[in-house]
Structure formats: structure tokens, C-alpha cells
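Chain A is the first sequence line, chain B the second, and so forth, proteins listed ahead of strands; every chain is numbered from 1. Heavy atoms only: backbone and side chains are in, while hydrogens, waters and symmetry mates are out.
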There are 2 protein chains.
Amino acid sequence: MLIKYDHPTRILLALDCIIFGFDGEELKLLLVKRNIEPEIGKWSLMGGFLNEGEDLEVAAERILYERTGLKEIYFEELQTFGKVNRDPVERTVSVCLFSLINIHAHNPDAAKAQNAYWINLKNRPNLIFDHNEMVNLAIERLRYKAALHPIGFELLPEKFTIPQLQKLYEAIYDMPLDRRNFSRKILSTGLLIDTGEKNENSITKKAILYRLDQEKYQKHFNAFLNFMPDVSLS
Amino acid sequence: MLIKYDHPTRILLALDCIIFGFDGEELKLLLVKRNIEPEIGKWSLMGGFLNEGEDLEVAAERILYERTGLKEIYFEELQTFGKVNRDPVERTVSVCLFSLINIHAHNPDAAKAQNAYWINLKNRPNLIFDHNEMVNLAIERLRYKAALHPIGFELLPEKFTIPQLQKLYEAIYDMPLDRRNFSRKILSTGLLIDTGEKNENSITKKAILYRLDQEKYQKHFNAFLNFMPDVSLS
DNA sequence: TAAAATTGTGTGAAAATAACACGTTTTTAG
DNA sequence: CTAAAAACGTGTTATTTTCACACAATTTTA
């Protein structure tokens with residue numbers, strides 16, 4: 001009976017989180033201005049290390065909770081990054097997470113405590129290590145998934161209007177969409193339930209507030225729906 | 001300046017490979033009957049450990065080469081598995097790879113030397129550790145990707161006929177497809193080039209041999225194409 | 001009170017899809 | 001030598017989906 005494998009290499013395992021948010025106008029990333037070594041003062045993703053006796057998935061949930069104060073948020077594995085010199089301190093392999101949260105559910109005080117800020121995707125700062133590469137891959141993944149799966153709702157409040165949803169999609173793909181076709185396509189999925197309320201915050205005509213049919217959402221999540229016209233996913 | 005991170009947990013990192021092949025009739029997996037500890041005599045995926053000073057991606061290529069004798073084959077990361085007790089010998093996190101190869105390019109002697117066998121997907125044996133879970137996820141991924149991307153060609157020889165391609169898709173989705181619609185859909189992608197030759201191995205009418213337009217293939221790989229009718233991806 | 005901004009719904013042309021028919025090539029049975 | 005059987009290639013048509021654009025309704029502001 002083996003006690004240990006006869007292999008010399010044991011490695012520090014990190015988890016890094018790419019957390020997307022949407023403020024109604026622009027896509028944002030939750031980034032941290034580092035107040036710890038290494039690379040103090042520079043910007044990075046938020047992360048942590050896998051603990052002894054902790055499942056990888058549990059570690060992911062823990063770190064997301066520590067960093068956002070939120071539980072049961074949407075996340076999936078993006079990719080595992082393992083270049084030898086990706087971290088100058090010591091060799092670290094990083095399991096990179098891709099997460100979507102409702103920006104308004106996020107406590108700004110919690111962010112301050114972490115030295116974290118919501119930064120517009122379009123004018124994000126340079127990040128340390130291979131974090132830029134991670135973010136680029138995450139944007140690609142977001143565009144891919146949102147075109148086929150009803151993933152966008154994760155970024156919106158519980159009640160939302162179709163024009164708000166459209167603005168989100170326009171932000172994700174950085175392109176204008178036809179209002180009438182978008183509305184029909186979204187409604188035809190049957191995932192939206194009319195709450196009977198209207199968006200009283202609006203300055204002009206108040207749009208209908210919908211909520212997600214959670215049951216259908218869970219059930220049809222993987223039945224791809226082609227939300228986008230003519231998206232050539234690069 | 002930090003020398004090492006102040007964190008106690010360093011872990012063995014494995015790579016496990018799910019290698020799909022197609023023999024013209026059925027989908028197959030390259031599995032190994034273990035002649036090493038642990039779990040000697042049982043079936044498992046093929047894998048290896050990440051080495052000191054070796055990029056994760058390089059390790060993936062190395063292990064795939066060691067196990068198949070093939071270079072430059074299609075692979076991507078499937079997922080990283082990290083349950084605490086997934087490996088009874090010692091804690092191991094496994095980066096799981098998803099690979100497609102042309103079964104006829106694979107040297108049977110190399111397989112024998114590895115104690116590896118091509119096993120029909122449908123009657124595969126029980127596998128050790130969490131390898132069953134990995135295979136199930138890989139099948140899901142294969143179905144997902146093949147419905148949207150021209151990934152199936154990776155499983156075929158350089159020259160192939162449309163009926164052969166159709167049989168592959170029928171094997172992947174385990175459902176019959178209309179010959180005429182399938183043919184038109186595939187040809188309309190413009191990815192196939194008529195070689196002018198015919199499949200002389202056929203026992204009946206000899207079908208046209210096509211080859212892949214490599215340039216278009218690379219370029220359009222991510223421009224999803226909807227190869228399948230009515231696939232509700234579960 | 002009219003203009004401006006925004007929202008909801010409708011309509012017809014074009015394109016994609018699905019269901020189905022027919023003719024051709026090749027081997028095999030007699 | 002011939003007819004039947006099997007597999008392949010292409011065509012047709014109805015249906016569905018998508019796209020581009022029009023119009024009416026609601027609400028605030030000038």
C-alpha cells in the first residue's frame with residue numbers, strides 16, 4: 001500500500017476570481033488595489049489559496065464569499081493557469097473562476113474593506129501576473145455563454161425591464177441591438193414573468209418589470225437559445 | 001521581498017486525459033488497465049504528474065504524447081477536479097483534459113505498451129477514483145461542442161466521406177439524422193473540399209472523399225454553426 | 001400643450017430548416 | 001448476364017425563424 005506518490009513536485013494552488021457586474025450602463029470588474037506583497041500598490045484580481053482538507057469547489061465558494069460577502073452566486077471554472085513563472089514569488093498554479101453578480105446586492109463597505117473597486121471593463125488598469133490574460137479569456141467566455149444561455153440575468157436585480165436587459169447585452173457585445181427583435185426573442189423564451197409592476201425609477205415611459213421564471217431557468221439553462229443575431233464568436 | 005508565500009498547503013498536481021476516438025461505427029475511449037499501484041488491475045484514464053519547471057500546458061502535451069505517441073492533436077481543458085479524497089493515496093488535484101484523435105493514426109503497438117485499449121463508450125468498464133465523473137462530463141462537452149463547432153473532423157482521417165461524418169454525428173448524439181439535410185448543412189459551411197477521389201473501400205456506391213479546408217477551419221472554428229437539429233443540450 | 005424620449009406591439013420579405021422523392025452507382029444473388 | 005438491393009447525391013416544397021422597419025402609447029419637459 002502506497003503512503004505517498006513517488007513524485008517530487010508539490011505546488012501551491014491558488015484560486016483567482018473574475019467577478020463581473022453591471023451598473024445599468026457599463027460592464028464592470030471587481031478589482032483590488034493590492035495592499036499586500038507582492039506587487040503592493042498594483043491592481044489584481046482577488047484570490048486565495050486552497051487549504052488543506054478543503055475541496056476545490058468549497059474553496060471557490062469560500063473565496064468568493066470572503067471577497068464579496070455574497071453566497072450562492074453564479075460561478076464556473078474558467079481555466080487553470082500553470083505557466084512556470086506566472087508568479088514571481090514561487091511557482092503557483094491558479095484555478096481561475098468566472099463569476100457574475102448583481103452589483104447592487106454587493107455591499108460597498110465590504111468592497112472598501114477589501115480595498116476592492118468596481119472598475120469599468122473598458123478602462124481597466126493593467127493587472128499583475130497573468131491576470132490580464134485571465135480577464136481577456138473571461139470576456140470571451142462571457143460573450144460566448146451569454147449568446148447561447150440565459151446567463152445575463154445573473155447580472156441584474158431580481159426585477160428588471162426588457163430595456164435594461166437589452167442594455168446589458170449591448171454592453172456585453174459592445175454593439176447596438178434592435179429593440180423590437182430583442183424584445184420578441186427574449187419574451188419568446190418564456191423565461192420572463194410579468195410582475196404587473198412598472199419601473200418607477202424611469203424618467204420617461206415606465207417599462208414593465210419582469211422577473212425570471214426560476215424553474216424554467218434551471219431547466220432550460222443548457223438548452224441553448226441563440227440570444228444574439230449574427231455573433232461571430234471570436 | 002517574499003521568498004515563499006506563507007501558506008502551508010502544497011499539493012500534487014495530476015493531469016488526466018479523456019481521449020476519444022471513432023472507428024467508423026462507434027465512439028471509443030482510450031483507457032488503461034492499470035499495472036501499477038494504486039488500484040492495480042482496475043481501469044482508469046491515463047494521466048501523469050506535473051513536473052517541476054514544466055508549464056501546465058507543456059505537461060498536457062507531454063502526457064498526451066507519452067500516452068498516444070501523437071503530437072499536435074486536439075485537446076482542451078475539461079475541468080480541474082479537486083475533491084479532498086478523490087485519490088486515496090494522497091491528496092491530488094487533477095487537471096482533466098479532453099482530447100480527440102484519429103483512431104487510425106494511433107499506433108496499436110504504442111497502446112499495447114501502455115496496457116491501453118480502445119473501449120466502446122457504451123460498454124465502458126467502471127473506472128477508478130472520480131474518473132467516471134470526468135468521462136460523463138467529457139461526453140457532455142463533446143456533445144455541446146460538436147453541435148456548434150466543426151470539432152468532429154478531429155476524429156476522422158484526413159480524407160473522409162460525408163456519410164462517414166454523419167455516422168460520427170449519429171454516434172455522438174446517439175440518434176439518426178436525415179442524410180439529405182445533414183449533407184446540405186455540412187456542405188453549406190464551405191469547410192469541405194472535394195478531393196476528386198472516391199472511397200474505394202466502400203462495398204456499395206463509392207462516396208466522394210472530402211478533406212477539411214484547414215484555413216477556413218482555423219478561422220471559423222469559433223463562429224458557431226449549429227450542426228445539429230433540435231439538440232437540447234442537457 | 002406640443003415636443004422629445006422611451007416603451008410596446010405589428011408586419012412583410014428573406015433566409016433557414018425539415019420532411020420528403022427521385023435518380024445514380026456499385027455489388028451481389030440467381 | 002440481369003435484376004434486386006444497398007448506399008450515395010441532388011432536388012423540391014412547406015413551414016418556421018429571422019430580420020428590417022412602422023406605428024401607436026406613455027411620460028416628462030420646455
Side-chain angles (χ1 to χ4, degrees), chain A residues 24-25 146-148 150 156 159-171 173 175-211 220 223-233, chain B residues 24-25 146-148 150 156 159-171 173 175-211 220 223-233:
Chain A
E25 293 296 330
L148 298 170
L156 295 177
K159 295 176 185 176
F160 54 87
T161 69
I162 290 181
Q164 281 170 356
L165 187 61
Q166 182 176 340
K167 277 196 174 170
L168 169 58
Y169 272 81
E170 289 178 330
Y173 297 97
M175 67 193 279
L177 296 173
D178 185 277
R179 201 163 48 81
R180 300 151 281 197
N181 293 335
F182 182 82
S183 169
R184 188 152 10 81
K185 199 172 260 191
I186 292 293
L187 286 173
S188 75
T189 64
L191 290 171
L192 267 52
I193 298 172
D194 188 334
T195 63
E197 302 167 62
K198 297 206 166 185
N199 179 17
E200 296 299 333
N201 295 326
S202 172
I203 198 167
T204 61
K205 180 172 178 179
K206 290 146 176 53
I208 298 168
L209 282 165
Y210 291 89
R211 63 181 176 81
H220 294 295
F224 62 75
L225 296 156
N226 198 6
F227 285 106
M228 297 297 297
D230 182 40
V231 176
S232 85
L233 302 158
Chain B
E25 293 295 330
L148 298 170
L156 294 177
K159 295 175 185 177
F160 54 86
T161 69
I162 290 181
Q164 281 169 358
L165 187 62
Q166 183 177 339
K167 276 196 175 170
L168 168 58
Y169 273 81
E170 289 178 329
Y173 296 98
M175 67 192 277
L177 296 173
D178 185 277
R179 200 163 47 81
R180 301 151 282 198
N181 292 336
F182 182 82
S183 170
R184 190 155 5 83
K185 199 173 258 191
I186 291 293
L187 286 172
S188 75
T189 64
L191 290 170
L192 267 50
I193 298 172
D194 189 334
T195 64
E197 301 167 61
K198 297 204 167 186
N199 179 17
E200 295 299 333
N201 296 326
S202 172
I203 198 167
T204 61
K205 181 171 179 181
K206 288 146 177 56
I208 299 169
L209 282 165
Y210 291 89
R211 63 182 177 80
H220 293 296
F224 61 77
L225 296 155
N226 199 7
F227 284 105
M228 296 297 297
D230 182 39
V231 177
S232 87
L233 301 159

Please round to the nearest 0.5 Å and tell me the distance separating atom [atom1] of [X] and atom [atom2] of [Y].
{"X": "Lys159(B)", "Y": "Ile193(B)", "atom1": "NZ", "atom2": "CD1", "result": "12.0 Å"}
{"X": "Leu209(B)", "Y": "Gln164(B)", "atom1": "CG", "atom2": "CD", "result": "7.0 Å"}
{"X": "Arg179(B)", "Y": "Glu170(B)", "atom1": "CZ", "atom2": "CD", "result": "11.0 Å"}

N/O donor-acceptor pair, side chain Lys205(A) with base dT7(C), under 3.5 angstrom: yes
Base dG10(C) to side chain Arg180(A), donor-acceptor N/O within 3.5 Å cut-off: no
Sugar-phosphate only, base, or nothing, as touched by Ile208(B) at under 4.0 Å among non-hydrogen atoms: sugar-phosphate
What integer distance in Å separates [X]:[atom1] from [N]:[atom2]?
{"X": "Asp178(A)", "N": "dT9(C)", "atom1": "CG", "atom2": "C1'", "value": "13 Å"}
{"X": "Arg179(A)", "N": "dT7(C)", "atom1": "CZ", "atom2": "C1'", "value": "6 Å"}
{"X": "Lys185(A)", "N": "dG10(C)", "atom1": "NZ", "atom2": "P", "value": "19 Å"}
{"X": "Ile186(A)", "N": "dT17(D)", "atom1": "CD1", "atom2": "P", "value": "16 Å"}
{"X": "Leu187(B)", "N": "dT17(C)", "atom1": "CG", "atom2": "C1'", "value": "16 Å"}
{"X": "Met175(A)", "N": "dC19(D)", "atom1": "CE", "atom2": "C1'", "value": "13 Å"}
{"X": "Phe182(A)", "N": "dA20(D)", "atom1": "CZ", "atom2": "C1'", "value": "17 Å"}
{"X": "Leu165(A)", "N": "dT7(C)", "atom1": "CG", "atom2": "P", "value": "13 Å"}

Lys206(B) side-chain N/O to dT27(C) phosphate OP1/OP2 under 4.0 Å: yes
Taking every non-hydrogen atom, the tightest pair across Leu192(A) and Tyr210(A): CB-CD2, 3.8 Å
Qualifying residues under side-chain contact (heavy atoms from CB on, under 4.5 Å), relative to Ser183(B), sequence neighbours excluded: Ile162(B), Leu187(B)
Residue closer to the 5' end of DNA chain D, Thr161(B) versus Arg184(B) (nearest nucleotide): Thr161(B)
Given DNA chain C, 5'-ward residue of the pair Pro163(A) and Thr204(B), judged by closest heavy atom: Pro163(A)
